[in-house]
Amino acid sequence: MQFVRLEKDKGSKQLGFTEFEKKVLRCVLTIPLGETRTYKWVAEKIGRPKSARAVGNVLNKNPFPLIIPCHRVIKSSGSIGGFSCGKANKKKLINLEKKIKNMLK
DNA sequence: GCGGGCCTTCATT
DNA sequence: AATGAAGGCCCGC
């Protein structure tokens, strides 16, 4: 059952980040408030234009879903795509951030 | 809208 | 070390 991955007490998982993860997280963190970027954008930024999927994978299991602005990352088509914490909230968050940006303007 | 392909990580053999 | 599986996708038709 590889689907049911029980979190071992310790030492089973990678405690550190891989270079790929670091690059992705860094790029995502550089996204300004109220701005939305695409997975492609991040992929190109990290030097892997075709790894948009891998980018999504990192964000999917990213260590801090609430800290990493994964909700600012959307699909190239303009759709929300998916979100670790719920797509519904993602849309709201984007809208909310846009509002905040407008307020600060 | 559908189908195929790209890239990375993790678990198992 | 190698293989299989999955993931929040992208591109072309």
Send over the distance from [X] [atom1] to [N] [atom2], rounded to a whole Å.
| X | N | atom1 | atom2 | result |
| --- | --- | --- | --- | --- |
| Glu21(A) | dT8(B) | CD | C1' | 9 Å |
| Asn60(A) | dC10(B) | CG | P | 12 Å |
| Lys45(A) | dC10(C) | NZ | P | 17 Å |
| Lys22(A) | dT9(B) | NZ | P | 12 Å |

Exercise for the section: Would you check if the side chain of Thr38(A) reaches a backbone N or O of Lys75(A) as a donor-acceptor pair within less than 3.5 Å? Expected result: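 No, the answer is negative, given that no donor and acceptor are paired below the 3.5 Å cut-off.
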Exercise for the section: Using modelled atom types only, decide if a donor and an acceptor are shared between the side chain of Thr18(A) and the backbone of Glu21(A) within a distance under 3.5 Å. Expected result: yes
Same hydrophobic cluster for [X] and [Y], using side-chain heavy-atom links shorter than 4.5 Å among ILVMFWY?
| X | Y | value |
| --- | --- | --- |
| Phe20(A) | Val73(A) | yes |
| Leu93(A) | Ile100(A) | no |
| Leu29(A) | Ile46(A) | yes |

Exercise for the section: May I ask you to evaluate whether Thr18(A) reaches the phosphate of dT9(B), defined as a side-chain N or O under 4.0 Å from OP1 or OP2? Expected result: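 Thr18(A) to dT9(B) OP1/OP2: side-chain N or O found under 4.0 Å.
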If every non-hydrogen atom of [X] is compared with every non-hydrogen atom of [Y], which pair is closest and at what distance?
| X | Y | value |
| --- | --- | --- |
| Ala43(A) | Ser51(A) | CB-C, 4.1 Å |
| Thr30(A) | Trp41(A) | OG1-CH2, 4.2 Å |
| Cys27(A) | Lys45(A) | SG-CG, 3.4 Å |

Would you list the protein and nucleotides 5-7 of chain B atom pairs, both N or O, that sit under 3.5 Å from each other?
unit_1 : atom_1 : unit_2   : atom_2 : d
dC6(B) : O2     : Lys50(A) : O      : 3.4
dC6(B) : N4     : Arg53(A) : NH1    : 2.3
dC7(B) : OP1    : Lys50(A) : NZ     : 3.4

Under 3.5 Å, N/O pairs linking protein and nucleotides 11-13 of chain C:
unit_1  : atom_1 : unit_2   : atom_2 : d
dC11(C) : OP1    : Lys40(A) : NZ     : 3.1

Problem - Remaining members of hydrophobic cluster (4.5 Å side-chain criterion), Ile94(A) - result: Ile74(A), Ile80(A)
Exercise for the section: Remember a base hit wins even if backbone is also touched, and classify Val73(A) as base, sugar-phosphate or nothing at under 4.0 Å, heavy atoms. Expected result: base
Exercise for the section: Look at all strands and tell whether Lys61(A) reaches a base, only sugar-phosphate, or nothing, counting heavy atoms closer than 4.0 Å. Expected result: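 Lys61(A): backbone/sugar contact only, no base atoms under 4.0 Å.
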Under 3.5 Å, which donor-acceptor pairs link side chains of residues 62-72 of chain A to any protein atom two or more places apart or in another chain?
unit_1   : atom_1 : unit_2   : atom_2 : d
Asn62(A) : OD1    : Phe64(A) : N      : 2.7
Asn62(A) : ND2    : Leu59(A) : O      : 2.7
His71(A) : NE2    : Glu97(A) : OE2    : 2.8
Arg72(A) : NE     : Glu97(A) : OE1    : 2.8
Arg72(A) : NE     : Glu97(A) : OE2    : 3.4
Arg72(A) : NH1    : Ile31(A) : O      : 2.7
Arg72(A) : NH2    : Glu97(A) : OE2    : 3.3

Practice task
May I have all residue pairs that pass salt bridge (Lys or Arg N to Asp or Glu O under 4.0 Å) and include part of residues 30-40 of chain A, sequence neighbours excluded?
Solution key: Glu35(A)-Arg37(A), Glu35(A)-Lys101(A), Lys40(A)-Glu44(A)
Practice task
Both distances under 3.5 Å, Watson-Crick or G-U wobble: on that basis, could you give the dot-bracket string for DNA chain C, with [ ] for crossing pairs and | for other-strand partners?
Solution key: |||||||.|||||
